[in-house]
2 protein chains.
Amino acid sequence: MTLDVRVVVFSLREDALIALLVPISGGKWELPGSGVMPEESLEEAAGRAISPHIDRRQAHLEQLYTYGDPQRNPSSRQVSVVYFALVHMDAVRISVDIAKLWFRVDQLPPLVFDHPDIVRYALRRLRYKLEYSAAGFQLLPDEFTLSELQHTYEIILGETLDKRNFRRRILEAGIIVETPHLRSGEGRPARLYRYRADAMAEVKARRLFP
Amino acid sequence: MTLDVRVVVFSLREDALIALLVPISGGKWELPGSGVMPEESLEEAAGRAISPHIDRRQAHLEQLYTYGDPQRNPSSRQVSVVYFALVHMDAVRISVDIAKLWFRVDQLPPLVFDHPDIVRYALRRLRYKLEYSAAGFQLLPDEFTLSELQHTYEIILGETLDKRNFRRRILEAGIIVETPHLRSGEGRPARLYRYRADAMAEVKARRLFP
DNA sequence: AGAATAGTGTCTCTCAGACATTATTTG
DNA sequence: CAAATAATGTCTGAGAGACACTATTCT
């Protein structure tokens with residue numbers, strides 16, 4: 001009976017949600033994972049599992065579920081404590097990685113065992129989380145525009161949102177605040193916002209999006 | 001490194017929420033638990049852990065969280081997959097048990113390790129679950145009156161609820177249905193209701209109680 | 001000046017919350 | 001018929017959702 005941790009890491013590339021996978025022999029892929037060392041916590045093990053690819057200080061890990069069905073790995077009984085994380089691409093270590101280890105969640109390669117189920121469940125939880133919290137900013141850099149944040153929500157939820165209602169609700173939730181900065185580009189420059197570090201509390205009072 | 005499962009079992013006695021504990025040496029208590037056998041799933045192990053005390057077919061187990069901090073058990077590294085369950089007293093095996101192994105959740109005896117945290121977290125999740133679902137009926141027998149169900153909610157949430165609003169919302173949720181039966185007692189007989197076995201789907205659309 | 005994107009306010013309708021009286025049974 | 005509990009409907013206010021125009025910059 002072996003125990004390990006696995007991590008479902010989501011990020012955002014252009015117009016799609018992507019997940020980090022690592023190759024194993026036989027053309028198959030798996031979720032990044034690791035055994036648990038005697039002196040470390042499960043969350044630390046999860047951080048270590050992704051640290052070759054991600055700056056772990058920027059990855060908020062959250063425990064998802066523990067999979068331990070005796071049939072999940074036909075060759076050996078394996079229990080996996082699965083975490084999930086949202087990171088923005090600034091936290092991704094540049095190496096062979098980008099475009100080689102990240103896959104759009106709607107175009108995943110063949111995965112081992114029950115890892116497809118795990119990714120599906122993580123995705124469901126991510127959508128659920130977004131509806132009830134302002135967690136979407138974790139996929140963006142420190143400062144971001146409201147249009148970028150709205151775009152993020154639209155990609156993940158798979159539907160378009162009304163701009164005025166989106167702004168009203170996200171601001172009323174009080175989780176992000178204005179910065180003095182603007183971002184210039186094509187068209188009128190946009191106000192930049194950032195996460196309010198003091199209000200770490202989750203907004204579970206009322207769902208933000210339908 | 002040992003792996004086990006633990007179960008937080010909640011039930012209802014008179015006017016209080018109670019939890020099942022088992023004694024260990026030294027006057028301390030712990031959550032019922034068990035190792036995991038090679039051919040069984042984690043949930044099966046959890047069912048086996050409580051089967052001396054509970055008719056497991058009547059206990060809906062739900063995975064809560066996996067605790068694995070290296071300091072949680074000072075004498076050996078232990079990872080515990082924790083489940084929680086709601087049962088009604090009809091499912092409790094009559095033996096030495098009742099009144100000896102069940103404790104009001106606000107009057108727990110000394111517990112080992114991080115088990116107090118685990119119970120606290122389970123309680124938080126239970127309250128949260130009740131607000132968003134009609135799970136309260138799991139603490140009642142198959143058939144129950146709306147007053148009994150409301151009473152259950154009031155005990156767990158720790159506040160009184162308006163009778164008309166309670167009925168409206170619980171019935172609109174569509175999770176319980178009328179039976180042809182009535183229960184006589186003091187005062188006007190009350191209609192009995194039961195859980196709608198076909199609609200197992202959780203009501204997460206909108207919170208039922210504030 | 002035109003193109004591009006940012007930013008803003010109002011109305012309506014639904015649902016949550018507050019609230020009191022009538023109905024049916026037992027002793 | 002008194003006591004006990006069950007059952008029922010309405011009004012109001014807040015918030016969700018739909019909706020279109022103005023503001024600022026760049027080329």
Side-chain angles (χ1 to χ4, degrees), chain A residues 14-15 128 130-134 136-137 140 143-155 157-194 203-210, chain B residues 14-15 128 130-134 136-137 140 143-155 157-194 203-210:
Chain A
E14 292 147 31
D15 287 352
Y128 191 72
L130 280 204
E131 287 170 2
Y132 281 94
S133 77
F137 65 85
L140 294 172
E143 303 202 338
F144 49 85
T145 70
L146 289 182
S147 294
E148 288 166 349
L149 187 60
Q150 179 176 348
H151 192 208
T152 303
Y153 275 73
E154 289 176 339
I155 288 168
L157 298 178
E159 57 185 322
T160 60
L161 300 170
D162 179 82
K163 190 197 257 195
R164 285 159 295 186
N165 294 340
F166 179 84
R167 284 163 188 246
R168 170 163 32 107
R169 277 184 289 200
I170 220 79
L171 292 174
E172 278 174 0
I175 294 216
I176 61 172
V177 292
E178 277 193 13
T179 71
H181 310 138
L182 297 176
R183 168 169 310 154
S184 290
E186 214 175 359
R188 173 174 170 177
R191 168 76 52 191
L192 290 168
Y193 289 78
R194 66 180 309 126
V203 185
K204 60 173 155 190
R206 187 154 277 113
R207 72 193 299 183
L208 292 169
F209 299 101
Chain B
E14 292 147 29
D15 286 354
Y128 190 72
L130 280 203
E131 287 171 2
Y132 282 93
S133 77
F137 65 85
L140 295 172
E143 303 202 338
F144 48 85
T145 70
L146 289 182
S147 295
E148 288 166 348
L149 186 60
Q150 179 177 349
H151 193 209
T152 303
Y153 276 73
E154 290 176 338
I155 288 168
L157 299 178
E159 56 185 321
T160 61
L161 299 170
D162 180 83
K163 189 196 256 193
R164 285 159 293 186
N165 294 340
F166 180 85
R167 284 164 188 246
R168 168 160 36 104
R169 277 184 289 199
I170 220 77
L171 291 174
E172 279 174 1
I175 294 215
I176 62 170
V177 292
E178 277 192 13
T179 70
H181 311 138
L182 297 175
R183 169 169 310 155
S184 291
E186 211 175 0
R188 172 172 170 179
R191 169 77 50 190
L192 289 168
Y193 289 78
R194 64 181 310 126
V203 184
K204 61 174 151 190
R206 188 159 278 113
R207 73 193 297 182
L208 292 169
F209 300 102

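A quick note: this is a predicted structure, and the numbers were derived from the prediction, not measured. Naming: A, B, ... by sequence-line order, numbering from 1 per chain.
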Roughly how many Å is it from CZ in A:Phe166 to C1' in D:dA16, rounded to a whole number?
-> 16 Å
Using a heavy-atom cut-off of under 4.0 Å over every strand shown, decide if A:Arg168 touches base, sugar-phosphate, or nothing.
-> base
Output the single nucleotide from D:dT25, D:dA18, C:dA6 whose closest atom is nearest the side chain of A:Ser147.
-> C:dA6
For the pair made of CG in B:Leu182 and P in C:dT26, what is the distance, rounded to whole Å?
-> 11 Å
Are B:Glu148 and B:Arg183 ion-paired here, with the side-chain N under 4.0 Å from a carboxylate O?
-> yes
Whole-Å distance between D:dT5 C1' and B:Arg191 CZ?
-> 15 Å
What is the distance, rounded to the nearest whole Å, between atom CG of A:Leu161 and atom P of D:dA18?
-> 10 Å
If you check every side-chain atom of B:Asn165, which of C:dG17, C:dG7, C:dT25 has the closest atom?
-> C:dG17
Spacing between A:Arg164 atom CZ and D:dG17 atom P, to the nearest angstrom = 14 Å
Starting at the 5' end of DNA chain D and moving along, which residue's nearest nucleotide shows up first, A:Glu172 or A:Gly187?
-> A:Glu172
Write down the distance between CG (B:Asp162) and C1' (D:dT8), rounded to a whole number of angstrom.
-> 12 Å
Which distance, rounded to the nearest 0.5 Å, do you find between the CD of A:Gln150 and the CG of A:Leu157?
-> 11.0 Å
Between A:Lys163 (NZ) and D:dA16 (P), how many Å, whole number?
-> 21 Å
Rounded to whole angstroms, how far apart are CD on A:Glu186 and P on D:dC26?
-> 11 Å
To the nearest 0.5 Å, atom CG of A:Leu140 lies from atom CD1 of A:Ile176 at 9.5 Å
A:Thr179 versus A:Arg191, closest heavy-atom pair with distance | O-NH1, 3.0 Å
Check: B:Arg188 side chain, D:dA4 base, donor-acceptor under 3.5 Å = no
When we call it a touch if two heavy atoms are under 4.0 Å apart, what does B:Arg167 touch: a base, just sugar-phosphate, or nothing?
-> base
Taking the six-membered ring for Trp, are B:Phe166 and B:Tyr153 parallel (under 30°), tilted (30 to 60°) or perpendicular (over 60°)?
-> perpendicular
